[in-house]
There are 2 protein chains.
Amino acid sequence: MSRPTIADVAQQAGVSKATVSRVLSGRAEYMRDATRQRVEAAIELLNYRPSSVARSLTSKRTYTAGILISDVGNPFYPEVIHGVEDTAFQDGYDVFLCNTNYDEKRGMAFVRSLIDKRVDGVLIMSSSMSDEWLAELARNNVPAVVLDWDVHNARGNLCLLRVDYQKGIQQAVDHLVALGHRQFAHVSGPKELRTTQLRQESFLTALQGYGIPKSDVMTIEGDLRIEGGRKAMQAIAERGAGKTAVFCANDLMAMGILSEARAYAIQIPTDLSVIGLDDIWLATQTDPPLTSVALPRFQIGQMAMQLLFELLENPRMEEAEPLYAQVETSLTVRESTAPAPG
Amino acid sequence: MSRPTIADVAQQAGVSKATVSRVLSGRAEYMRDATRQRVEAAIELLNYRPSSVARSLTSKRTYTAGILISDVGNPFYPEVIHGVEDTAFQDGYDVFLCNTNYDEKRGMAFVRSLIDKRVDGVLIMSSSMSDEWLAELARNNVPAVVLDWDVHNARGNLCLLRVDYQKGIQQAVDHLVALGHRQFAHVSGPKELRTTQLRQESFLTALQGYGIPKSDVMTIEGDLRIEGGRKAMQAIAERGAGKTAVFCANDLMAMGILSEARAYAIQIPTDLSVIGLDDIWLATQTDPPLTSVALPRFQIGQMAMQLLFELLENPRMEEAEPLYAQVETSLTVRESTAPAPG
DNA sequence: TTGAAAGCGCTAACAT
DNA sequence: ATGTTAGCGCTTTCAA
């Protein structure tokens, strides 16, 4: 006894499939009450649930989106996913979660699979990605929203959602300068990442606004993980004499700074002020709690999904400019920053 | 110009749809080489990708599973999801991620949606769930793997995967007793959760094995979050004179203990030994790093998915006993435990 | 070795 | 107000 179909319901209710279909989709306006009720009773009796698969075949819509992320374990994602899913859920959409595992091949395999499954659209939020993904999606007319990625000659039904680091980082610099800091270090992410460049540039530019030249800033390349922060702290302790404030490209590295500072008996924030970026939940739990440039992660998720809906409703022509959107950052001040010593 | 269909390919190659279908599914044994090559060329030329939707309609298989979890943000899940996804990916499965948000109604809505989407099976890993979910899945013949949930009169194509807390908690108690501890406190989760009871029971039983009666153990009900741990620490400081070791039902609460202990100038582990449970990544980052009963989270994810495959291949009769499976826990010793003071 | 035709479960004209 | 019919894109007998 397999699942009942619309035909079973029709037979049970003594009507045609079309009639059943009508009550299913709420287009039962011109229907006799008695009929509708018979159909509803039959549905109830047979415990009938229409097959989305069959529906999708005719409607060309799966009410499903795919989301590509690097790694669920990265504390950046949970809230983003939450925002995406909430928004999707409200509109009856489901979401395929795909962990690329920082692996472009794997990501491509997911993209193919999503295309085969005929998802209505794809959200690309992995930190690394390949232009091929976009090309493949475009070839198949699958709309995509891309987070914070530099896409040139972007074709297809596309939206680029960017994080405006500028504003929050400016606030961070304002804050530090107001506290009397003039000697800065910066712990960046891997050089090849676009976000690394954006963050670093915003930081240096803001400092220049206060007359502090780039060349005065000690920049250390990190790995965006705690360990990278630890190593950076060592570098600062050994070669960064006089630096009183560090801006880290993410919170994890800032945590590494906090941790390793203890080993050097450097007091945070008394001896050294530290600012992170991301404002992950953990930042509230460190000792001292971390001042951080906050990304509106939940909102990023919401917006990404909303932008996808937008793309679905008003598709962009094949050769049109991609849609652009932006989210703002802002500084969350906690206790890892204090007046410059001396 | 919408996506090409099998008919387009057939026409392009000058063969019938059936022939194309054969090369798609690799059943091209009795096929002339020339024919196969023509078909492959046509597929290539048109950039054709078969529609999983259409395939599913005939094959009754979607190669898709659903996974219900409470909240992506909970540090328990990322690795589990990882395990699930890796295993699924290897077999060409995709996964619908559903965050119930600790809300049974929302969970039920997801269950319905998954049924409508005709997923091949469902993994239930949310900490709270309703028996109705299972009933609904069973009514629709959808196989399910349930993590660590007490299911009575379970019907349907079901597998119950349980975590054996016993073993790891026994090791924790062995460890503490060997260090000379005799006065214990326990910070439990919310009383109504099954896991709370299991963990507490394992702990008390192990202690009894050493002649320490339940009544000697100070038990505090917590909320499984850091804040709950903080409150528990207050209770212990105020009413727990003489307690030298605390076992917490999860790491987050153990972290709360560590954090609040500072406020009371209680040294961990010198004055008080603390053991958590979960062994989340964070436990390695606390000060001091946390001794914890480890759940093999990645393995749990892998097993759950494998068990689902098992259920798919050898379906259980409607009234059969559910399949049972188990994963072991074990103690990870770090620096939050030390010999009992005095 | 390949093709024709029916059918999977549903929707959407077009009839009535 | 409801039924008939023809697909949607694919797989699978059954023929040839």
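So you know, we letter chains A, B, ... as the sequences are listed, proteins then strands, and number each from 1. Model, not experiment: these values are computed from the prediction. Below, each value reflects all heavy atoms present in this structure, side chains not excepted, and no hydrogens, waters or symmetry copies.
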- Query: Can you tell if the side chain of B:Val163 reaches within under 4.5 Å of the side chain of B:Leu147, non-hydrogen atoms only?
  - Reply: yes
- Query: Less than 4.5 Å apart, any side-chain heavy atom of A:Asn99 and any of B:Asp86?
  - Reply: no
Determine whether a donor-acceptor pair (N or O, by modelled atom type, separation under 3.5 Å) exists between the side chain of [X] and the backbone of [Y].
{"X": "B:Asn74", "Y": "B:Ser70", "value": "no"}
{"X": "A:Asp103", "Y": "A:Lys105", "value": "yes"}
{"X": "A:Thr100", "Y": "A:Ile69", "value": "yes"}
{"X": "B:Asp120", "Y": "B:Arg61", "value": "no"}

- Item | Base versus backbone protein contacts along nucleotides 8-16 of chain D [heavy-atom cut-off under 4.0 Å; B, S, -] | BBBBBB---
- Span of DNA chain C engaged by chain A, first through last nucleotide within the 4.0 Å heavy-atom cut-off, is C:dG9 to C:dA13
- So CZ of B:Arg139 and CG of A:Asn47: to nearest 0.5 Å the spacing works out to 3.5 Å
- Query: When we call it a touch if two heavy atoms are under 4.0 Å apart, what does A:Ser56 touch: a base, just sugar-phosphate, or nothing?
  - Reply: nothing
- What nucleic acid atoms does B:Val53 come within less than 4.0 Å of, heavy atoms only: base, sugar-phosphate, or nothing? nothing
- Using a strict 4.0 Å threshold on nitrogen-to-oxygen distance, state whether B:Arg49 and A:Asp116 make a salt bridge. yes
